[in-house]
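Here the structure comes first, spelled out in structure tokens, and everything after it is commentary.
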Amino acid sequence: MGEIEDNNMKRTKLVLLPLVGVLYVFVVWSLRLFETVPQRSLKEVQSPMIHVNQDCQFVYLDLGSNKGVQIRKLYEPWLYPGAAIIPFFDKLFGHITKSSRRGNVCSFGFEANPRHMGRLKHIEQSYRRKGLNVTFYNNAVSNRTGEIVTIYSDTNFDIDWGAGILDTAIDNKINMTEYKVLTIDIVHFIRSQIAPLKPKAVFMKIDIEGSEFIVLPHMLQTLTLCKDIITSFVIEMHEWAKKSMGSTLTFDELRTMIRKQGCVPSEIVKVDDESFLHDVIVEPNW
Ligand SMILES: *[C@@H]1O[C@H](CO)[C@@H](O)[C@H](O)[C@H]1NC(C)=O
Ligand SMILES: *[C@@H]1O[C@H](CO)[C@@H](O)[C@H](O)[C@H]1NC(C)=O
Ligand SMILES: *[C@@H]1O[C@H](CO)[C@@H](O)[C@H](O)[C@H]1NC(C)=O
């Protein structure tokens, strides 16, 4: 009897002891985890060690950011293989690899649709944490500042095609959402915020769902589409918006008028890069 009990005890100890050991190690380890998590986030909040680049050697202006994919293509091109815009970024800002990053390019993105701002501010924060100078503005790009305009936005949130100051492109008008958004005089912004930085090159994308028929004449009148201000730009002209905007401007006319400004004109880059519209699943992490 006694012997059998002894053996049972031994067997129980043999099983229990390693279990207790493993449990002990696990408890200590998880306690340490709990200790370090708040410490880490505290450090992030307290220390101003994150230095966002102030020296904008190059500038990218993203008018009509939508989900921010084009700005991500600038900083994380390896996530967007084959995207047609990337060779133009490389040409103007220099080639990028994971080891030689684009910390010398400052980006300013404008998006009128408030629905995209959560995502855009998330990208902004992630990049700034890495020292990249990226800012998104929730404004409708226009020829004057501080005007309240209505932005029409589709119910299909994911890409939200054609959200802008016109509801022409929105099929589902019953369920569309209307937002009130402030305009920004983009020429004034460029002249007061970008030009003083004296960047080596400025690249601009204009994809603003019809507002180009307000902005382009304003840019031409103020000699903004000149190489000393904008090195090169890519534009999408939205034919469907022309009529309601009371404009007849064609791409060819734009090209002619750019040459008539009496300056060395900005280069028009002909590329239509609508790739990766839904963005990639990988989180922004430069
Ligand atoms: C980005 O650079 C501009 C120009 O130097 C500067 O005014 C701005 O404060 C910078 N942004 C951040 C977030 O530091
Ligand atoms: C509008 O949205 C509601 C609720 O999601 C839906 O039931 C309805 O069918 C939509 N109407 C149209 C015209 O799409
Ligand atoms: C802005 O553009 C609109 C539409 O072309 C025009 O009617 C208006 O006069 C312009 N305003 C300024 C300040 O240029």
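The first residue in the sequence is number 1, and the count goes up from there. When a ligand or atom number is given, it counts from 1 through the structure's own listing order.
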> Short check: is a protein heavy atom less than 4.0 Å from atom 14 (O) of ligand 3?
Replying inline: yes
> Closest heavy-atom contact between Val181 and Ala112?
Replying inline: CG2-O, 3.3 Å
> Is there a donor-acceptor contact under 3.5 Å from the side chain of Thr183 to the main chain of Arg144?
Replying inline: yes
> So, Asp167 side chain and Tyr152 main chain: donor-acceptor pair closer than 3.5 Å or not?
Replying inline: no
> Does any N or O atom in Asp55 lie less than 3.5 angstrom from one in ligand 1, N or O only?
Replying inline: no
>> Assess whether a salt bridge exists between Lys73 and Asp62, defined as any Lys/Arg side-chain N lying under 4.0 Å from an Asp/Glu carboxylate O.
In response: no
> What do you reckon, does Arg128 have a nitrogen or oxygen under 3.5 Å from a nitrogen or oxygen of ligand 1?
Replying inline: no
> Between the main-chain N or O of Thr222 and the side-chain N or O of Arg191, is there a donor-acceptor pair closer than 3.5 Å?
Replying inline: yes
> Who's the nearest protein heavy-atom neighbour of atom 3 (C) of ligand 3, and how far?
Replying inline: Asn143 ND2, 3.5 Å
> Salt bridge check: are Glu283 and Arg129 linked by an N-O gap of less than 4.0 Å?
Replying inline: no
> What atoms in ligand 3 come closer than 4.0 Å to a heavy atom of Arg144?
Replying inline: 8 (C), 11 (N)
> At a 4.0 Å threshold, what atoms of ligand 1 neighbour a non-hydrogen atom of Leu197?
Replying inline: 4 (C), 5 (O)
>> Under 4.0 Å and counting heavy atoms only, is there anything from the protein next to atom 11 (N) of ligand 3?
In response: yes
> What protein heavy atom is closest to atom 2 (O) of ligand 1, reported as residue, atom name and distance in Å?
Replying inline: Asn133 ND2, 2.2 Å
> Short list, please: which atoms of ligand 1 are under 4.0 Å from a heavy atom of Cys56?
Replying inline: 2 (O), 4 (C)
>> For atom 7 (O) of ligand 1, what's the nearest protein heavy-atom neighbour? Residue, atom name and distance, please.
In response: Gln54 OE1, 4.1 Å
>> Do Ile230 and Ile190 have side chains that approach each other closer than 4.5 Å (heavy atoms only, starting at C-beta)?
In response: yes
>> We want to know whether Thr248 and Lys242 form a side-chain donor-acceptor pair, criterion being a heavy-atom distance below 3.5 angstrom.
In response: no
> Does Asn53 come within less than 4.0 angstrom of ligand 1, counting non-hydrogen atoms of the residue?
Replying inline: yes
> Quick one: nearest non-hydrogen protein atom to atom 4 (C) of ligand 3, plus distance?
Replying inline: Ile214 CG1, 4.3 Å
